[in-house]
Amino acid sequence: MRALILVLATVLAFPAIAHDTDPNTVEGQRVTMFKKSGAGIKAVFEQHLPAGDLDAIGAYAAEMAEWGARMTDLFPAGSTSIGAKASIWENWEDFEAKADQFSEAASELAVAAASGDLAATQGAAKSLGGACKACHDSYRIKH
């Protein structure tokens, strides 16, 4: 009975282990940044905007602008990823354009947050969310 439980536990745990990535690899670095990006945009809409915390939004946006500027560096030709469609490398120019749009939208969010204008910040946050969605619709495999 113990052997059966051990086998079942191993089999059930394997998918979770298989999706973990080494943070020292290119794939691990990009997975880490995408998770950070997703958690951050969620926090912007669910916590920071309702609280009017423009400083937190500005800090997140500045980091995401930098991430967007180097995002394509973490997708070298021939690499793979659990969540990335192969069409990234087939449509590289479009992927680069979407990464640039993300970076620009994040920069605009940082500027809006720094201005102290909550309405402008809300609009810029929606634009950043739209940039995320545009890339996800084309290039993300959702698990």
Side-chain angles (χ1 to χ4, degrees), residues 4-143:
L4 179 60
I5 292 171
L6 180 61
V7 168
L8 285 174
T10 302
V11 169
L12 294 174
F14 183 73
I17 293 167
H19 289 282
D20 287 342
T21 56
D22 180 347
N24 298 312
T25 65
V26 169
E27 181 184 3
Q29 291 172 28
R30 68 181 177 228
V31 167
T32 297
M33 286 308 300
F34 280 123
K35 285 181 179 181
K36 191 172 197 174
S37 174
I41 196 74
K42 182 177 180 181
V44 165
F45 284 104
E46 294 179 2
Q47 297 170 341
H48 305 315
L49 282 171
D53 189 350
L54 300 182
D55 289 338
I57 294 169
Y60 163 76
E63 183 177 12
M64 291 302 103
E66 289 177 17
W67 158 231
R70 65 184 178 89
M71 183 185 300
T72 57
D73 295 341
L74 295 179
F75 285 88
S79 63
T80 61
S81 182
I82 291 167
K85 292 181 181 177
S87 58
I88 287 173
W89 295 275
E90 296 162 6
N91 302 308
W92 186 252
E93 289 179 9
D94 182 62
F95 181 68
E96 283 181 312
K98 284 179 171 45
D100 289 344
Q101 290 165 354
F102 173 83
S103 185
E104 290 170 19
S107 293
E108 290 170 10
L109 177 57
V111 169
S115 77
D117 184 337
L118 185 60
T121 303
Q122 288 171 326
K126 288 178 184 175
S127 293
L128 180 58
C132 294
K133 183 178 180 341
C135 196
H136 288 182
D137 287 349
S138 298
Y139 301 114
R140 181 179 181 207
I141 299 171
K142 189 165 183 166
H143 295 279

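- Annotation: side chain of M33 is in contact with side chain of M64 (closest heavy-atom distance under 4.5 Å).
- Sorted by first and then second residue, the pairs that involve residues 62-83 and meet salt bridge (charged side-chain N to carboxylate O under 4.0 Å, His left out), not counting sequence neighbours, are K36-E63.
- For the atom pair NE2 (H48) and CD1 (I41), the distance works out to 10.0 Å, reported to the nearest 0.5 Å.
- Considering only heavy atoms from C-beta on, I141 stays 4.5 Å or farther from I82 through its side chain.
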| Could you go step by step and tell me if K142 and H136 meet the side-chain contact (heavy atoms from CB on, under 4.5 Å) rule? | CA-CA 9 Å; K142 189 165 183 166; H136 288 182; over 6 Å; no
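- K98 has its side chain within reach of S138: a pair of non-hydrogen atoms, C-beta onward, lies under 4.5 Å apart.
- Between the side chain of W89 and the backbone N or O of P76 there is at least one donor-acceptor pair closer than 3.5 Å.
- Summarising the geometry of L49 relative to Q122, their closest heavy-atom pair is CD2-CG, 3.6 Å, with the distance given to 0.1 Å.
- In this structure, Y60 and S37 have side chains that are in contact, with non-hydrogen atoms separated by less than 4.5 Å.
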| Worked verdict on F34 versus M71 for side-chain contact (heavy atoms from CB on, under 4.5 Å) | CA-CA 9 Å; F34 280 123; M71 183 185 300; 3.9 Å; yes
| query | Hey, mind stepping through L74 and E27 against side-chain contact (heavy atoms from CB on, under 4.5 Å) and telling me if it holds? | reply | CA-CA 7 Å; L74 295 179; E27 181 184 3; over 6 Å; no
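- The distance from the CZ atom of F102 to the SG atom of C135 is 9.5 Å, given to the nearest 0.5 Å.
- A search for ring pair (Phe, Tyr, Trp, His ring centres under 6.0 Å) contacts involving F95 returns F75, W92, Y139, not counting sequence neighbours.
- Atom NZ of K133 has 12 or fewer neighbouring heavy atoms from other residues, nucleotides or ligands inside a 6.0 Å radius.
- Taken from CD1 in I57 to CD in Q47, the straight-line distance is 10.5 Å, to the nearest 0.5 Å.
- Judged purely by atom type and a 3.5 angstrom limit, T121 uses its side chain to pair as donor or acceptor with the backbone of A112.
- Looking at S103, its side chain does come within 3.5 Å of a backbone N or O of A65 through a donor-acceptor pair.
- With sequence neighbours excluded, the residues satisfying side chain to side chain contact (heavy atoms under 4.5 Å, CB included) with E90 are A86, S87.
- The shortest side-chain heavy-atom distance between W67 and R30 falls under the 4.5 Å cut-off.
- Closest of all the heavy-atom pairs between A105 and A131 is CB-CB, 4.3 Å.
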| So T72 and D100, side-chain contact (heavy atoms from CB on, under 4.5 Å) or not? Walk me through it. | CA-CA 9 Å; T72 57; D100 289 344; over 6 Å; no
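- D117 places a side-chain N or O within donor-acceptor distance of the main-chain N or O of A120, the cut-off being under 3.5 Å.
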